[in-house]
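All ligand and atom numbering here is 1-based and tracks the order in the structure.
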Amino acid sequence: MNTLTAGTIAGEFHARRVYGLKREVLRLVEEVIDDGVFHGGRRIRELEVVAGERWGGHAVGTSSGTMALETAVRALGIGAGDEVIMPALTFVSTAFAVAAAGAVPVFVDIDARTRTIDPTAVAAAVTPRTRAVIPVHIHGLMADMTAIRALADRHALAVIEDCAQAAGATDRGRPAGSVGDIGCFSMWVGKNLGGLADGGLLLAREAALLPLLRKLTDLGRDGERNTHHLRGSRGRMGEIDAAVIRHQLDLLPDWIDRRRTLADRYADAFTALPVVTPTDAPGRPHTYYKYPLTLPDPATATALATHLGRTGITTEQVYPHAVPDQPALREIVHRTTDITVTLDVLPRTVCLPLAPELTDAEADRVIEAVHGFLTPRV
Ligand SMILES: *Cc1c(COP(=O)(O)O)cnc(C)c1O
């Protein structure tokens, strides 16, 4: 068995997932070794074709989600002096990718209920230097892409979707990554669709972008081994990762269903408690990469996390800092607008364990432990 200890409910379940797929993964690794092709073979081609068909675009595998974002920013010609608007609630890579291109991240607030970027805040942050907006489909819920797309078109901005947490999510039936100019996915092992370690994927709306995306992720090469047309990155995905992720792509819909079932179980159990539970937005079903529970105040959130920890249930605060408050941002030129909602919500948040591998019995233990701490509203 693996290192997961009986009796403990950890916040991250990808070790269980990989363990559950062990036989299949070993078979795929063996096939790749027998073929002797480790890059640029039929497995990455198949992953790109199938992902492109299912998600409505033209896909290029990458070495990580961070690499996908960096590549997207560069491919759209964003650079020194340009501003790129993004939510203050995201993983740092969204900001790092913009900074890597020499551009300026501009942080705006989120909508309190959905935690996705607030379109009104985006509109207020646009300046003559604004070149793009990066909506982040946070915790598995898509941002309001109808509003973002309309706003971007009005101001002639590019749209890069950060889909790292939302593989398989939709907005009014449109898959994550298919509405913006480029969608960026992470296939880090802990994401809803994750390989064995790190991986990612670019999804371009226009096929015309493909040659540039490939060059940027393959050291500037264009098929020829020792000719480099531009300064690209070592950013491609290998055959083993592509094979594993291709296999998981077919399992993703069931995994998302299971996440939604567990989220319903939590929501039903917590209706009388003084908490706000995450839920769908109109036309945008949640895929629950995370299950952020909002408590009345920071002290209660901290105390709940401690209480659950004592009973062997690991929770997470995603994230402990708004991105502009991350220490690393001291060395990045950036601009922050009014982010009151983000700063209010983050310290009141506790993410409960939720993953397809979580059993009903474990979910019930979490529910019981939460009820052991919070008293129903009267
Ligand atoms: C995980 C993540 C990334 C970065 O992806 P990696 O594969 O870890 O490099 C970017 N943005 C968001 C919102 C993420 O959650």
Side-chain angles (χ1 to χ4, degrees), residues 11-14 18 47 51 59-74 84-101 105 107-108 110 114-117 132-143 145 148 159-169 176-177 180 182-203 216-217 233-238 241-242 244-245 248 259 278 286-292 316-324 326 328-329 332 342 346 349 351 354-355:
E12 292 186 356
F13 286 84
H14 51 260
V18 175
L47 172 65
V60 174
T62 63
S63 52
S64 70
T66 306
M67 177 55 59
L69 284 162
E70 284 184 17
T71 305
V73 171
R74 260 194 86 189
V84 178
I85 299 172
M86 65 184 68
L89 170 55
T90 180
F91 188 64
V92 282
S93 296
T94 323
F96 283 4
V98 169
F107 298 104
V108 302
I110 53 169
T114 63
R115 298 188 177 216
T116 57
I117 194 166
V133 54
I134 310 186
V136 178
H137 305 320
I138 197 78
H139 305 328
L141 180 68
M142 277 186 75
M145 290 309 295
I148 296 293
V159 178
I160 299 171
E161 286 179 65
D162 186 334
C163 310
Q165 303 188 1
I182 304 180
C184 300
F185 295 79
S186 165
M187 274 118 196
W188 169 63
V189 60
K191 292 282 162 66
N192 278 8
L193 176 67
L196 295 176
D198 286 304
L201 195 103
L202 287 149
L203 193 72
L216 286 171
T217 51
S233 301
R234 174 62 98 189
R236 62 192 173 174
M237 179 188 284
D241 294 298
V244 173
I245 293 163
Q248 294 190 345
R259 285 177 185 275
H286 212 306
T287 61
Y288 299 104
Y289 170 58
K290 298 288 178 199
Y291 191 88
E316 280 182 290
Q317 195 195 350
V318 179
Y319 296 94
H321 309 279
V323 176
Q326 290 282 2
L329 267 285
I332 291 175
T342 306
L346 286 186
T349 298
C351 291
L354 195 155

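Listed by chain and number, the residues in a side-chain hydrogen bond (donor to acceptor under 3.5 Å, both in side chains) with Thr217 amount to none (sequence neighbours excluded). Every residue two or more places apart in sequence or in another chain was checked for a side-chain hydrogen bond (donor to acceptor under 3.5 Å, both in side chains) with Glu70, and none qualifies. Residues satisfying the salt bridge (charged side-chain N to carboxylate O under 4.0 Å, His left out) criterion with Arg74, sequence neighbours excluded, are absent altogether.
Proximity of a side-chain donor or acceptor of Gln165 to a complementary backbone N or O of Lys191 within less than 3.5 Å is not detected. No side-chain donor-acceptor contact under 3.5 Å links Ser186 to the backbone of Ala164. The backbone N or O of Tyr288 sits less than 3.5 Å from a side-chain atom of Arg259, completing a donor-acceptor pair.
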Pick out the protein N or O atoms lying less than 3.5 Å from any N or O of ligand 1, and list each pair with its distance.
{"residue": "ligand 1", "atom": "5 (O)", "partner": "Ser186", "partner atom": "OG", "Å": "3.4"}
{"residue": "ligand 1", "atom": "7 (O)", "partner": "Gly65", "partner atom": "N", "Å": "2.7"}
{"residue": "ligand 1", "atom": "7 (O)", "partner": "Ser186", "partner atom": "OG", "Å": "2.6"}
{"residue": "ligand 1", "atom": "9 (O)", "partner": "Gly65", "partner atom": "N", "Å": "3.3"}
{"residue": "ligand 1", "atom": "9 (O)", "partner": "Thr66", "partner atom": "N", "Å": "2.8"}
{"residue": "ligand 1", "atom": "9 (O)", "partner": "Thr66", "partner atom": "OG1", "Å": "2.5"}
{"residue": "ligand 1", "atom": "11 (N)", "partner": "Asp162", "partner atom": "OD1", "Å": "3.3"}
{"residue": "ligand 1", "atom": "11 (N)", "partner": "Asp162", "partner atom": "OD2", "Å": "2.8"}
{"residue": "ligand 1", "atom": "15 (O)", "partner": "Gln165", "partner atom": "NE2", "Å": "2.8"}
{"residue": "ligand 1", "atom": "15 (O)", "partner": "Lys191", "partner atom": "NZ", "Å": "3.0"}

